[in-house]
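The figures that follow rest on heavy atoms only: side chains count, while hydrogens, waters and symmetry mates do not.
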Amino acid sequence: MSQNNQDKKNSARERLQAQRAKEKQRERRGRQLKVGGAVVAVLAVAGGIAVWAASSGDDSGGSGKVAMPKGAQDSDKPAVPVGKKEAPSTLTVWEDFRCPACAQFEKGFRGAIHELEDAGQLKTDYHLATIIDGSMGGKGSVTAANAALCAQDAGRFREYHDVLYENQPPEQQDRFSDKKYLIQLAGKVNGLVSDTFTQCVEKGTYTDFVYKSNSAFTNTGYRGTPTVLLNGKNLAEDKNLTPDGLKQKVRDAAKDKKAGGGATGDKPSGPKAAGSEQSGGGSAGASAGSSAGSSAGNAAGHSAGAGTAAGAGHGAGTGHSAGAGHSGAGHTGRDADGSTGGRAPAP
(Lines give C-alpha, C1' and ligand atoms only; values in the text may rest on other atoms or scores of the structure.)
Protein backbone atom coordinates (compact mmCIF):
# COMPACT_ATOMS: atom_id res chain seq x y z
CA MET A 1 0.00 0.00 0.00
CA SER A 2 1.38 3.39 -0.94
CA GLN A 3 2.02 6.05 1.69
CA ASN A 4 -0.72 8.21 0.13
CA ASN A 5 -3.31 5.43 0.46
CA GLN A 6 -2.20 4.73 4.02
CA ASP A 7 -2.63 8.43 4.92
CA LYS A 8 -6.14 8.44 3.45
CA LYS A 9 -7.01 5.30 5.41
CA ASN A 10 -5.73 6.82 8.65
CA SER A 11 -7.68 10.03 7.97
CA ALA A 12 -10.89 8.10 7.37
CA ARG A 13 -10.35 6.13 10.59
CA GLU A 14 -9.85 9.35 12.55
CA ARG A 15 -13.04 10.87 11.12
CA LEU A 16 -14.98 7.73 12.05
CA GLN A 17 -13.61 7.82 15.60
CA ALA A 18 -14.56 11.50 15.94
CA GLN A 19 -18.09 10.78 14.71
CA ARG A 20 -18.50 7.93 17.18
CA ALA A 21 -17.29 10.16 20.00
CA LYS A 22 -19.92 12.78 19.07
CA GLU A 23 -22.68 10.16 19.02
CA LYS A 24 -21.56 8.87 22.40
CA GLN A 25 -21.64 12.42 23.76
CA ARG A 26 -25.21 13.00 22.51
CA GLU A 27 -26.37 9.78 24.13
CA ARG A 28 -24.88 10.78 27.47
CA ARG A 29 -26.48 14.21 27.31
CA GLY A 30 -29.86 12.65 26.72
CA ARG A 31 -29.47 10.45 29.80
CA GLN A 32 -28.29 13.34 31.92
CA LEU A 33 -31.33 15.44 31.09
CA LYS A 34 -33.45 13.05 33.12
CA VAL A 35 -31.08 13.43 36.06
CA GLY A 36 -31.15 17.22 35.81
CA GLY A 37 -34.93 17.39 35.99
CA ALA A 38 -34.93 15.28 39.14
CA VAL A 39 -32.30 17.08 41.20
CA VAL A 40 -32.56 20.76 40.30
CA ALA A 41 -35.46 23.12 40.86
CA VAL A 42 -34.76 26.75 40.11
CA LEU A 43 -36.58 29.89 39.15
CA ALA A 44 -37.64 30.54 35.60
CA VAL A 45 -35.01 31.87 33.27
CA ALA A 46 -36.33 33.55 30.16
CA GLY A 47 -34.91 31.49 27.33
CA GLY A 48 -32.32 29.84 29.57
CA ILE A 49 -30.74 26.48 28.84
CA ALA A 50 -30.17 23.69 31.35
CA VAL A 51 -26.55 22.71 31.30
CA TRP A 52 -24.55 20.29 33.36
CA ALA A 53 -20.88 19.53 33.29
CA ALA A 54 -18.15 17.56 34.96
CA SER A 55 -15.37 20.00 34.20
CA SER A 56 -14.86 23.62 35.16
CA GLY A 57 -12.34 24.75 32.61
CA ASP A 58 -8.69 24.40 31.77
CA ASP A 59 -6.87 25.84 34.75
CA SER A 60 -3.58 25.68 32.94
CA GLY A 61 -2.23 29.02 34.08
CA GLY A 62 1.41 29.04 35.08
CA SER A 63 2.63 29.10 38.65
CA GLY A 64 4.62 32.30 38.14
CA LYS A 65 3.61 35.87 38.94
CA VAL A 66 0.11 36.69 37.77
CA ALA A 67 -0.40 39.97 35.91
CA MET A 68 -2.95 42.20 37.64
CA PRO A 69 -5.50 44.41 35.86
CA LYS A 70 -5.76 47.95 37.21
CA GLY A 71 -8.05 48.15 40.21
CA ALA A 72 -8.69 44.40 40.37
CA GLN A 73 -8.79 42.60 43.70
CA ASP A 74 -5.99 40.10 44.14
CA SER A 75 -6.99 37.70 46.88
CA ASP A 76 -8.08 34.09 47.21
CA LYS A 77 -11.10 35.17 45.12
CA PRO A 78 -9.78 37.50 42.37
CA ALA A 79 -12.41 39.99 41.27
CA VAL A 80 -13.13 43.16 39.35
CA PRO A 81 -15.05 45.68 41.51
CA VAL A 82 -17.59 47.99 39.92
CA GLY A 83 -19.16 50.84 41.88
CA LYS A 84 -18.10 52.90 44.87
CA LYS A 85 -15.90 51.14 47.39
CA GLU A 86 -17.87 52.61 50.29
CA ALA A 87 -21.26 51.41 49.00
CA PRO A 88 -23.29 49.87 51.85
CA SER A 89 -24.05 46.67 49.90
CA THR A 90 -21.94 44.31 47.84
CA LEU A 91 -23.21 42.08 45.05
CA THR A 92 -20.92 39.12 44.39
CA VAL A 93 -21.30 37.66 40.90
CA TRP A 94 -19.59 34.53 39.55
CA GLU A 95 -20.00 34.47 35.77
CA ASP A 96 -18.78 32.89 32.55
CA PHE A 97 -19.04 34.99 29.38
CA ARG A 98 -20.09 31.91 27.37
CA CYS A 99 -22.85 31.00 29.83
CA PRO A 100 -26.36 31.69 28.40
CA ALA A 101 -27.91 31.80 31.88
CA CYS A 102 -25.40 34.46 32.86
CA ALA A 103 -26.52 36.51 29.86
CA GLN A 104 -30.14 36.05 30.93
CA PHE A 105 -29.36 37.26 34.43
CA GLU A 106 -27.38 40.24 33.12
CA LYS A 107 -30.04 41.31 30.65
CA GLY A 108 -32.77 41.00 33.25
CA PHE A 109 -31.07 42.67 36.21
CA ARG A 110 -28.53 44.95 34.51
CA GLY A 111 -30.68 48.08 34.72
CA ALA A 112 -31.29 47.63 38.45
CA ILE A 113 -27.64 46.87 39.15
CA HIS A 114 -26.40 49.89 37.18
CA GLU A 115 -28.91 52.15 38.90
CA LEU A 116 -27.80 50.99 42.34
CA GLU A 117 -24.11 51.27 41.44
CA ASP A 118 -24.52 54.77 40.02
CA ALA A 119 -26.42 55.86 43.13
CA GLY A 120 -23.55 54.68 45.35
CA GLN A 121 -25.77 52.07 47.00
CA LEU A 122 -24.13 48.96 45.56
CA LYS A 123 -20.66 47.68 44.69
CA THR A 124 -20.48 44.65 42.43
CA ASP A 125 -17.57 42.22 42.55
CA TYR A 126 -17.30 40.24 39.32
CA HIS A 127 -15.50 36.90 39.53
CA LEU A 128 -14.76 35.28 36.17
CA ALA A 129 -15.14 31.54 35.54
CA THR A 130 -14.42 29.31 32.56
CA ILE A 131 -16.63 26.27 33.07
CA ILE A 132 -18.00 26.33 29.51
CA ASP A 133 -14.52 25.98 28.05
CA GLY A 134 -14.08 22.91 30.20
CA SER A 135 -17.39 21.33 29.33
CA MET A 136 -18.00 22.37 25.74
CA GLY A 137 -14.39 22.75 24.67
CA GLY A 138 -12.73 25.82 23.21
CA LYS A 139 -11.19 28.93 24.72
CA GLY A 140 -13.96 31.52 24.44
CA SER A 141 -14.59 31.83 28.16
CA VAL A 142 -10.99 32.60 29.06
CA THR A 143 -10.32 34.73 25.96
CA ALA A 144 -13.40 36.89 26.51
CA ALA A 145 -12.59 37.22 30.21
CA ASN A 146 -9.05 38.33 29.37
CA ALA A 147 -10.45 40.94 26.96
CA ALA A 148 -12.80 42.21 29.69
CA LEU A 149 -9.81 42.61 32.00
CA CYS A 150 -8.00 44.50 29.26
CA ALA A 151 -11.04 46.79 29.20
CA GLN A 152 -10.68 47.14 32.98
CA ASP A 153 -7.23 48.63 32.39
CA ALA A 154 -8.89 51.24 30.19
CA GLY A 155 -11.60 51.96 32.77
CA ARG A 156 -14.27 50.39 30.55
CA PHE A 157 -14.92 47.02 32.19
CA ARG A 158 -18.62 47.55 32.87
CA GLU A 159 -19.40 48.77 29.36
CA TYR A 160 -17.44 46.02 27.64
CA HIS A 161 -18.81 43.39 30.04
CA ASP A 162 -22.31 44.37 28.91
CA VAL A 163 -21.34 44.36 25.22
CA LEU A 164 -20.02 40.81 25.51
CA TYR A 165 -23.30 39.58 26.97
CA GLU A 166 -25.33 41.48 24.39
CA ASN A 167 -23.33 39.77 21.64
CA GLN A 168 -22.92 36.36 23.23
CA PRO A 169 -22.84 33.61 20.58
CA PRO A 170 -24.58 30.25 21.10
CA GLU A 171 -22.50 28.32 23.60
CA GLN A 172 -21.79 25.61 21.05
CA GLN A 173 -20.07 28.25 18.92
CA ASP A 174 -16.73 29.25 20.37
CA ARG A 175 -16.68 32.62 18.64
CA PHE A 176 -15.35 34.43 21.70
CA SER A 177 -12.08 32.58 21.13
CA ASP A 178 -11.60 34.82 18.07
CA LYS A 179 -9.53 37.74 19.37
CA LYS A 180 -10.24 39.82 16.29
CA TYR A 181 -13.96 39.49 17.00
CA LEU A 182 -13.44 40.59 20.61
CA ILE A 183 -11.51 43.65 19.40
CA GLN A 184 -14.29 44.35 16.90
CA LEU A 185 -16.86 44.27 19.73
CA ALA A 186 -14.70 46.70 21.68
CA GLY A 187 -15.51 49.25 18.98
CA LYS A 188 -18.98 49.43 20.50
CA VAL A 189 -17.47 50.96 23.65
CA ASN A 190 -16.47 54.60 23.31
CA GLY A 191 -12.76 55.12 23.82
CA LEU A 192 -11.85 51.47 24.41
CA VAL A 193 -10.03 50.45 21.25
CA SER A 194 -6.36 51.40 21.35
CA ASP A 195 -3.01 49.82 20.62
CA THR A 196 -2.67 49.01 24.31
CA PHE A 197 -6.04 47.27 24.47
CA THR A 198 -5.42 45.40 21.21
CA GLN A 199 -2.03 44.12 22.35
CA CYS A 200 -3.48 43.09 25.72
CA VAL A 201 -6.17 41.02 23.98
CA GLU A 202 -3.82 39.49 21.45
CA LYS A 203 -1.16 38.57 24.02
CA GLY A 204 -3.64 37.22 26.56
CA THR A 205 -2.05 39.38 29.23
CA TYR A 206 -4.50 38.39 31.97
CA THR A 207 -5.08 34.76 31.08
CA ASP A 208 -3.41 33.54 34.27
CA PHE A 209 -5.56 35.93 36.32
CA VAL A 210 -8.65 34.38 34.71
CA TYR A 211 -7.47 30.86 35.49
CA LYS A 212 -6.74 31.89 39.06
CA SER A 213 -10.27 33.24 39.35
CA ASN A 214 -11.73 30.05 37.91
CA SER A 215 -9.69 27.95 40.36
CA ALA A 216 -11.15 30.06 43.15
CA PHE A 217 -14.63 29.33 41.80
CA THR A 218 -14.06 25.58 41.90
CA ASN A 219 -12.99 25.89 45.54
CA THR A 220 -15.90 28.02 46.77
CA GLY A 221 -18.49 25.29 47.18
CA TYR A 222 -20.84 27.09 44.79
CA ARG A 223 -22.32 24.94 42.11
CA GLY A 224 -22.95 27.15 39.15
CA THR A 225 -22.79 30.24 37.02
CA PRO A 226 -24.23 32.66 37.54
CA THR A 227 -23.93 32.47 41.31
CA VAL A 228 -25.09 35.78 42.77
CA LEU A 229 -24.89 36.85 46.39
CA LEU A 230 -26.03 40.06 48.06
CA ASN A 231 -24.01 40.84 51.16
CA GLY A 232 -23.04 37.17 51.33
CA LYS A 233 -26.59 35.82 50.99
CA ASN A 234 -27.24 33.62 47.97
CA LEU A 235 -30.06 35.18 45.96
CA ALA A 236 -31.05 31.69 44.81
CA GLU A 237 -32.91 31.47 48.09
CA ASP A 238 -35.37 34.12 46.94
CA LYS A 239 -37.73 32.23 44.69
CA ASN A 240 -39.50 35.32 43.38
CA LEU A 241 -36.71 37.82 42.94
CA THR A 242 -37.28 40.70 40.51
CA PRO A 243 -35.14 43.73 39.66
CA ASP A 244 -37.38 45.87 41.88
CA GLY A 245 -37.01 43.25 44.59
CA LEU A 246 -33.24 43.48 44.33
CA LYS A 247 -33.39 47.25 44.68
CA GLN A 248 -35.59 46.89 47.76
CA LYS A 249 -33.15 44.42 49.32
CA VAL A 250 -30.32 46.91 48.82
CA ARG A 251 -32.38 49.72 50.36
CA ASP A 252 -33.26 47.52 53.32
CA ALA A 253 -29.62 46.53 53.78
CA ALA A 254 -28.62 50.22 53.85
CA LYS A 255 -31.23 50.89 56.55
CA ASP A 256 -30.00 47.92 58.59
CA LYS A 257 -26.42 49.07 58.29
CA LYS A 258 -27.31 52.55 59.52
CA ALA A 259 -29.14 50.92 62.41
CA GLY A 260 -25.99 48.99 63.33
CA GLY A 261 -26.45 45.82 61.34
CA GLY A 262 -23.59 44.39 59.31
CA ALA A 263 -23.40 42.45 56.07
CA THR A 264 -22.72 38.76 56.23
CA GLY A 265 -19.59 37.20 54.80
CA ASP A 266 -19.21 35.69 51.36
CA LYS A 267 -20.02 32.10 52.22
CA PRO A 268 -21.76 29.39 50.23
CA SER A 269 -25.38 28.83 51.09
CA GLY A 270 -27.96 26.32 50.03
CA PRO A 271 -27.73 22.53 49.86
CA LYS A 272 -25.61 20.58 47.43
CA ALA A 273 -27.14 17.79 45.43
CA ALA A 274 -25.73 14.45 44.39
CA GLY A 275 -24.98 13.55 40.81
CA SER A 276 -23.53 16.94 40.01
CA GLU A 277 -20.25 18.52 39.10
CA GLN A 278 -17.76 20.09 41.50
CA SER A 279 -17.67 23.62 40.19
CA GLY A 280 -19.89 25.78 42.34
CA GLY A 281 -22.99 26.12 44.59
CA GLY A 282 -26.62 27.15 44.17
CA SER A 283 -26.56 29.32 41.11
CA ALA A 284 -28.53 32.44 40.65
CA GLY A 285 -28.93 31.77 36.97
CA ALA A 286 -32.03 33.72 36.20
CA SER A 287 -33.28 36.85 34.58
CA ALA A 288 -36.25 39.06 34.31
CA GLY A 289 -38.01 38.48 31.04
CA SER A 290 -40.44 40.82 29.33
CA SER A 291 -42.32 41.01 32.60
CA ALA A 292 -40.13 41.30 35.67
CA GLY A 293 -42.39 39.54 38.13
CA SER A 294 -43.35 36.38 36.30
CA SER A 295 -43.64 33.05 38.00
CA ALA A 296 -41.09 30.45 38.94
CA GLY A 297 -40.56 27.27 37.00
CA ASN A 298 -38.28 24.30 36.92
CA ALA A 299 -34.83 24.88 35.53
CA ALA A 300 -31.22 23.91 35.93
CA GLY A 301 -28.42 26.37 36.55
CA HIS A 302 -25.10 26.45 34.72
CA SER A 303 -23.39 24.94 37.68
CA ALA A 304 -20.96 22.39 38.75
CA GLY A 305 -23.62 20.43 40.37
CA ALA A 306 -27.21 20.81 41.29
CA GLY A 307 -27.74 24.23 42.71
CA THR A 308 -30.66 26.58 42.58
CA ALA A 309 -30.82 29.60 40.38
CA ALA A 310 -32.41 32.85 41.40
CA GLY A 311 -34.13 35.38 39.25
CA ALA A 312 -37.43 36.34 37.77
CA GLY A 313 -37.99 35.02 34.31
CA HIS A 314 -40.69 35.39 31.73
CA GLY A 315 -41.49 31.70 31.87
CA ALA A 316 -40.03 28.35 32.77
CA GLY A 317 -36.46 28.01 31.75
CA THR A 318 -33.07 26.93 32.87
CA GLY A 319 -29.86 28.34 34.13
CA HIS A 320 -26.33 27.12 33.69
CA SER A 321 -25.11 24.25 35.79
CA ALA A 322 -22.09 22.05 35.61
CA GLY A 323 -23.04 18.56 36.50
CA ALA A 324 -26.06 16.98 34.80
CA GLY A 325 -28.13 17.64 31.58
CA HIS A 326 -28.28 20.38 28.99
CA SER A 327 -32.00 20.40 28.56
CA GLY A 328 -31.28 17.51 26.34
CA ALA A 329 -27.68 18.21 25.54
CA GLY A 330 -25.67 18.71 28.66
CA HIS A 331 -22.46 20.45 29.42
CA THR A 332 -20.24 17.45 29.81
CA GLY A 333 -16.73 17.14 31.03
CA ARG A 334 -14.01 15.11 29.46
CA ASP A 335 -13.45 11.46 30.31
CA ALA A 336 -9.98 9.99 30.42
CA ASP A 337 -10.38 8.66 26.89
CA GLY A 338 -11.08 12.16 25.57
CA SER A 339 -14.82 11.71 25.18
CA THR A 340 -17.20 13.91 27.11
CA GLY A 341 -19.72 13.07 29.75
CA GLY A 342 -20.86 14.32 33.15
CA ARG A 343 -19.69 12.34 36.13
CA ALA A 344 -21.21 12.42 39.56
CA PRO A 345 -18.76 13.30 42.33
CA ALA A 346 -18.10 10.85 45.09
CA PRO A 347 -20.46 11.37 48.02
Quick one: [atom1] on [X] to [atom2] on [Y], what's the gap to the nearest 0.5 Å?
{"X": "Glu95", "Y": "Leu164", "atom1": "CD", "atom2": "CG", "result": "10.5 Å"}
{"X": "Leu128", "Y": "Phe209", "atom1": "CG", "atom2": "CZ", "result": "7.0 Å"}
{"X": "Phe197", "Y": "Leu192", "atom1": "CZ", "atom2": "CG", "result": "4.5 Å"}
{"X": "Leu230", "Y": "Leu235", "atom1": "CG", "atom2": "CG", "result": "5.5 Å"}
{"X": "Phe109", "Y": "Gln104", "atom1": "CZ", "atom2": "CD", "result": "11.5 Å"}
{"X": "Gln168", "Y": "Cys99", "atom1": "CD", "atom2": "SG", "result": "7.0 Å"}

Check: [X]/[Y] side-chain N/O donor and acceptor closer than 3.5 Å:
{"X": "Glu117", "Y": "Thr124", "value": "yes"}
{"X": "His127", "Y": "Asn214", "value": "no"}
{"X": "Gln248", "Y": "Asp252", "value": "yes"}
{"X": "Tyr181", "Y": "Asn167", "value": "no"}
{"X": "Ser141", "Y": "Asp96", "value": "yes"}

When you measure from the side chain of [X] to the backbone N and O of [Y], does any donor-acceptor pair fall under 3.5 Å?
{"X": "Asn231", "Y": "Thr90", "answer": "yes"}
{"X": "Thr225", "Y": "Trp94", "answer": "no"}
{"X": "Thr218", "Y": "Ser215", "answer": "yes"}
{"X": "Arg156", "Y": "Asn190", "answer": "yes"}

Step-by-step side chain to side chain contact (heavy atoms under 4.5 Å, CB included) determination, Val163 to Glu166:
CA-CA 5 Å; Val163 165; Glu166 285 295 337; 5.6 Å; no

Could you tell me if the side chain of Thr130 sits less than 4.5 Å from the side chain of Val210, heavy atoms only?
yes

Does some side-chain heavy atom of Gln172 sit less than 4.5 Å from a side-chain heavy atom of Met136?
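Yes. Closest side-chain heavy atoms under 4.5 Å.
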
Which heavy atom in Ala253 sits nearest to a heavy atom in Ser89, and how many Å separate them?
CB-OG, 3.3 Å

Looking only at non-hydrogen atoms, find the nearest pair between Phe157 and Ala148 and report the distance.
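Closest pair (atom of Phe157, atom of Ala148, distance): CD1-O, 3.3 Å.
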
Walk me through it: do Ile183 and Glu202 pass the test side chain to side chain contact (heavy atoms under 4.5 Å, CB included)?
CA-CA 9 Å; Ile183 294 170; Glu202 291 178 342; 4.1 Å; yes

Assess whether side chain to side chain contact (heavy atoms under 4.5 Å, CB included) is satisfied between Arg110 and Asp162, documenting all intermediate values.
CA-CA 8 Å; Arg110 177 185 302 150; Asp162 294 349; 3.5 Å; yes

Does the pair Asp153 and Thr196 meet the rule for a side chain to side chain contact (heavy atoms under 4.5 Å, CB included), with working shown?
CA-CA 9 Å; Asp153 274 352; Thr196 300; over 6 Å; no

For the ring pair Tyr165 and Phe97, is the centre-to-centre distance below 6.0 Å?
yes

[X] and [Y] ion-paired at < 4.0 Å:
{"X": "Asp74", "Y": "Lys212", "result": "yes"}
{"X": "Arg251", "Y": "Asp256", "result": "no"}
{"X": "Lys139", "Y": "Asp174", "result": "no"}
{"X": "Lys249", "Y": "Asp238", "result": "yes"}

Between Arg175 and Asp178, does a salt bridge (charged side-chain N to carboxylate O under 4.0 Å, His left out) hold up when you go through it step by step?
CA-CA 6 Å; Arg175 195 176 185 191; Asp178 183 348; 5.3 Å; no

